[in-house]
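Read the numbers this way: they start at 1 and go in the same order the structure lists the ligands and their atoms.
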Amino acid sequence: MADVLRLSGIRKSYGDLHALDVIDLTIPDNAYVSLLGPSGSGKTTLLRVIAGFEDPDQGSVALGGRPIDNVQAHRRGIGFVFQNFALFPHLSVARNIAYGLENREVGALTDRAAIRRRVGEMIELVGLAGLEDRGVAQISGGQRQRVALARTLVTEPRLVLLDEPLGALDANLRARMRAELRSIRERLGVTFLHVTGSESEALAMGDIVLVLDRGRIAQSADADTIYNRPAAPSVARFLNCYNLFEGTLSGADFVGPAGRFPTAGSPRLTGGKTAYAVRYDRIQVRPISSALATDEVGVEGAFIASEYSGAAVNSFFALDSGQVVEVETHLSHRPPAAYAPQERYGLVWKRDLALLFA
Ligand code: ADP
Ligand code: MG
């Protein structure tokens with residue numbers, strides 16, 4: 001697969017704040033790429049540098065193998081979909097979409113019939129047929145999102161940047177738009193770079209997931225790798241499905257406020273500071289008296305509360321160190337257990353299912 005975008009040594013600071021702290025990155029052609037990071041990690045700044053709305057302090061951006069550092073934003077052939085949609089409120093759906101075509105710097109269309117045909121194709125593609133003449137104030141949030149997408153896609157960009165495009169939609173619509181965005185991209189064969197603060201969105205949508213941590217790429221991999229082998233404790237934290245323990249290595253044991261965990265058999269990862277991680281769904285809850293097998297590790301915790309969410313129940317236990325451990329049980333595996341408040345339980349996992357960062 002050829003690369004559509006290459007960033008080399010990109011830095012961007014605002015005063016003392018390093019918003020982008022050396023980004024080296026390549027993004028393949030014809031792929032769905034998600035960019036996951038917490039608020040303030042530099043996601044929007046990165047998109048703005050790629051689009052040309054912002055000049056980096058250092059480094060270079062190349063599109064299709066050519067440096068575009070001196071190319072103005074509207075001449076880059078890169079589309080941008082903003083979180084707030086940024087539509088013209090007084091124009092109809094069709095006029096909003098046509099605007100991009102009529103006003104593009106390179107190859108602007110003036111032939112009315114050609115414009116109508118291209119706009120019609122886009123309206124079909126994003127599922128807005130029948131709403132062409134509606135004002136954009138008279139359509140729903142999800143429909144406005146589609147107009148914003150169509151207005152960008154109609155100019156045939158090679159790369160489309162989407163800044164938290166589903167953030168303004170309610171949960172039902174968000175789930176449906178995930179599938180639609182993927183299928184629209186597939187039909188066009190271009191690359192989408194989709195910024196999100198939601199780990200589930202990033203993992204569900206990206207052929208490749210990039211994780212941004214304080215202006216640096218902490219990991220770039222397929223969703224499965226990110227989920228099962230996060231490259232650093234920071235990545236595990238953003239995924240919202242790992243219990244992370246702080247501590248140090250003492251011989252073959254990991255030792256911290258939560259206790260002493262033998263690490264023989266635990267996959268060892270080399271990124272970041274020393275930490276120990278166990279996924280929420282890898283922990284079993286047992287009576288406190290039950291013995292550990294030789295390949296198991298356990299801690300004791302007092303039950304706090306459970307939370308039901310569709311197919312799973314998440315239970316929270318307080319360790320003596322004060323740390324709260326989360327346990328996720330999929331209801332298809334087991335009926336929900338009723339734990340007694342304040343009661344102590346054994347929280348047990350297999351060593352080879354824990355990750356050691358060292
Ligand atoms: P994200 O999109 O991941 O939430 P941003 O890229 O918007 O993060 O911001 C990264 C950091 O840069 C934040 O600390 C933000 O406050 C800062 N920042 C962004 N734009 C500016 C600006 N124009 N002036 C000063 N600081 C900025
Ligand atoms: Mg942002």
Side-chain angles (χ1 to χ4, degrees), residues 5-27 32-61 68-69 72-74 76 78-87 141 144-145 148-149 151-152 157 159-171 173-174 177-178 181 191-206 208-221 223 226 230-240 271-272:
L5 183 75
R6 178 180 211 104
L7 304 185
S8 329
I10 295 285
R11 281 175 186 270
K12 177 76 190 174
S13 299
Y14 298 104
D16 293 341
L17 183 102
H18 303 302
L20 299 177
D21 201 4
V22 191
I23 303 276
D24 292 293
L25 184 62
T26 55
I27 288 183
Y32 208 115
V33 182
S34 11
L35 176 65
L36 172 68
S39 179
S41 57
K43 304 183 296 296
T44 296
T45 305
L46 185 60
L47 289 197
R48 291 176 57 81
V49 164
I50 295 169
F53 301 144
E54 199 89 64
D55 284 329
D57 302 332
Q58 282 177 40
S60 178
V61 180
I68 53 169
D69 305 298
Q72 285 177 302
H74 55 282
R76 288 190 175 191
I78 296 176
F80 205 116
V81 178
F82 298 89
Q83 173 166 14
N84 58 9
F85 313 151
L87 300 175
R144 276 200 282 275
Q145 177 59 267
L149 187 64
R151 190 182 54 176
T152 300
L159 171 66
V160 180
L161 310 175
L162 304 105
D163 196 358
E164 309 207 26
L166 308 182
L169 307 182
D170 65 48
L173 197 52
R174 211 153 50 219
M177 283 303 290
R178 282 183 185 181
L181 280 176
T191 291
F192 277 18
L193 176 56
H194 174 139
V195 158
T196 177
S198 153
E199 67 286 349
S200 57
E201 194 169 298
L203 294 175
M205 298 193 71
I208 299 171
V209 180
L210 307 171
V211 183
L212 196 62
D213 176 23
R214 286 168 295 170
R216 290 168 186 249
I217 302 289
Q219 190 165 12
S220 164
I226 301 262
S234 57
V235 177
R237 185 170 311 108
F238 303 157
L239 293 177
N240 251 324

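- Ranking the protein heavy atoms by distance from atom 12 (O) of ligand 1 puts L17 CD2, 3.2 Å first.
- For R76 (side chain) and I68 (main-chain N/O), a donor-acceptor pair under 3.5 Å exists by modelled atom type.
- Here Q83 does not reach the Mg ion (ligand 2): none of its N/O/S atoms is less than 2.8 Å from the metal.
- Side chain of R11 to backbone of D57: no donor-acceptor contact under 3.5 angstrom is found.
- Protein heavy atom in closest approach to atom 7 (O) of ligand 1: T44 CB, 3.7 Å.
- Checking R214, K43, K12, E54 against atom 3 (O) of ligand 1, the nearest heavy atom belongs to K43.
- Checked by atom type and distance alone, the side chain of T152 pairs as donor or acceptor with a backbone atom of F80 at under 3.5 Å.
- From I50, atom CD1 reaches atom CG of L35 across 8.0 Å, with rounding to the nearest 0.5 Å.
- Ring geometry for F53 versus F82: interplanar angle under 30°, hence parallel rather than tilted (30 to 60°).
- Below 4.0 Å from some heavy atom of A19 lie the following atoms of ligand 1, by number and element: 12 (O).
- Scanning the protein heavy atoms around atom 19 (C) of ligand 1, the nearest turns out to be Y14 CE1, 3.5 Å.
- Taking atom 4 (O) of ligand 1 as the reference point, the nearest protein heavy-atom neighbour is G40 N, 2.7 Å.
- Minimum heavy-atom separation, V235 to A218: CG2-CB, 3.6 Å.
- Looking at atom 8 (O) of ligand 1, its nearest protein heavy atom turns out to be G42 N, 3.3 Å.
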Using salt bridge (Lys or Arg N to Asp or Glu O under 4.0 Å), reason through D21 and R216 one step at a time and then give a plain yes or no. CA-CA 6 Å; D21 201 4; R216 290 168 186 249; 3.3 Å; yes
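- At the shortest separation from atom 5 (P) of ligand 1 among protein heavy atoms lies T45 OG1, 3.6 Å.
- In this structure, the separation between CG on L210 and CG on L193 is 6.5 Å, given to the nearest 0.5 Å.
- Heavy-atom contacts of P38 reach the following atoms of ligand 1: 3 (O) (cutoff under 4.0 Å).
- There is a protein heavy atom less than 4.0 angstrom from atom 14 (O) of ligand 1.
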